[in-house]
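One is the number of the first residue; the rest follow in order along the sequence.
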Amino acid sequence: MRITVFGANGPTGRLLTGQALAAGHDVAAVTRQPDSFPLHHDRLEIVGADVLDPGAVDAVVAGRDAVLSTLGVPAGKEPISTYSRGVANIVAAMERHRVRRLAVVSSSGVDPHPYSDGGFLFNRVLLPYVTRVAGKTLYDDMRRMESLIQSTDLDWTIVRPSGLYHLPSVTDYTVVEGHADGRFTARADLAASMLALLNDHRYVRTTIGVITTADNPTLLEWIRHEALAKS
């Protein structure tokens, strides 16, 4: 297939691009910093473009079979609109060029639930703080993005991972419709789950949760390696 990946230069986007190339797809990797993109391949086109530029988005969507978005924005107190504005441009381009298949990374934080293995600290302290305070503007914009996608007649899937972390390879990850009862998702598994959607029609027009059940970090390890590393 001919695939466009938005957010291709982020940690998940790079993994997704590499997995897609390994699977035999032609990939247009969209990034605002094309010179820093680390992958090279005969079937890879590195496109320097901003998802907030409608003309640039239109050009890179035209002629494609599917669009995958791994856009990521750091959480902060300032209003965030990258997810909703960017996906609005993607949707408009897809409708204009009659590209049907869309898969977009969102987050389990959009609709937070207590986790059976979370414990008091995670469920009653950390989760509310992250979703209602530290990441409020981010999750508000993700909700706008999800609502926009759900209002289209595209063949969309919204993918909600939990806390992201690094593993060197894909595991036997779990995909469920709706909320997944797991606190962590390896980026390699998130990328693999998105790629698998291209040939799996079970989750069209559905929101799914993706979790990793092997080699999860402890909460303190995750905070040290992921949360604190972003600050």
Quiz item: cation-pi between Arg144 and Tyr83, 6.0 Å / 45°: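 Checked: cation-pi criterion not met.
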
Without hydrogens or angle criteria, can the side chains of [X] and [Y] be said to hold a donor-acceptor pair below 3.5 Å?
| X | Y | value |
| --- | --- | --- |
| His97 | Asp58 | yes |
| Thr157 | Arg101 | yes |
| Ser81 | Asp141 | no |
| Asn216 | Arg183 | no |
| Ser106 | Glu146 | yes |
| Thr171 | Asp215 | no |

Close side-chain approach of Val105 to Ser69, heavy-atom, < 4.5 Å: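 Not touching, per the 4.5 Å side-chain cut-off.
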
Beyond-backbone contact of Arg160 with Val210, side-chain heavy atoms, under 4.5 angstrom: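 Not in contact.
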
Grab the two heavy atoms, one from [X] and one from [Y], that are nearest each other, plus how far apart they are.
| X | Y | answer |
| --- | --- | --- |
| Gly135 | Ala75 | CA-CB, 4.1 Å |
| Arg43 | His25 | NH1-O, 2.7 Å |
| Leu195 | Ala23 | CD2-CB, 4.2 Å |
| Thr70 | Ala8 | OG1-N, 4.3 Å |
| Phe37 | Ala29 | CZ-CB, 3.8 Å |

Aromatic plane relationship, Phe122 with Tyr115 - under 30° parallel, 30 to 60° tilted, over 60° perpendicular: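 Judged by the thresholds at 30° and 60°, the geometry between Tyr115 and Phe122 is perpendicular.
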
Aromatic plane relationship, Phe184 with Trp222 - under 30° parallel, 30 to 60° tilted, over 60° perpendicular: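 The arrangement is tilted - the two ring planes meet at 30° to 60°.
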
Separation of [Y] [atom2] from [X] [atom1] (nearest 0.5 Å):
| X | Y | atom1 | atom2 | result |
| --- | --- | --- | --- | --- |
| Ile158 | Ser107 | CD1 | OG | 12.0 Å |
| Thr12 | Leu71 | OG1 | CG | 11.5 Å |
| Ile211 | Asp181 | CD1 | CG | 6.5 Å |
| Leu68 | Thr4 | CG | OG1 | 8.5 Å |
| Leu138 | Thr131 | CG | OG1 | 11.0 Å |

Hydrophobic cluster identity match, Leu15 and Val175, side-chain contacts under 4.5 Å: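 They do not share one cluster, since no chain of ILVMFWY contacts under 4.5 Å joins Leu15 to Val175.
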
Side-chain ion pair, Glu45 and Arg2, N-O less than 4.0 Å: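 Result for this pair is no, no salt bridge flagged.
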
Electrostatic pair Arg100-Asp155, nearest N-O below 4.0 angstrom: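 Salt bridge present between Arg100 and Asp155.
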
For Ile149, the option from Ile90, Leu154, Val104 that meets side chain to side chain contact (heavy atoms under 4.5 Å, CB included):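 That would be Val104.
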
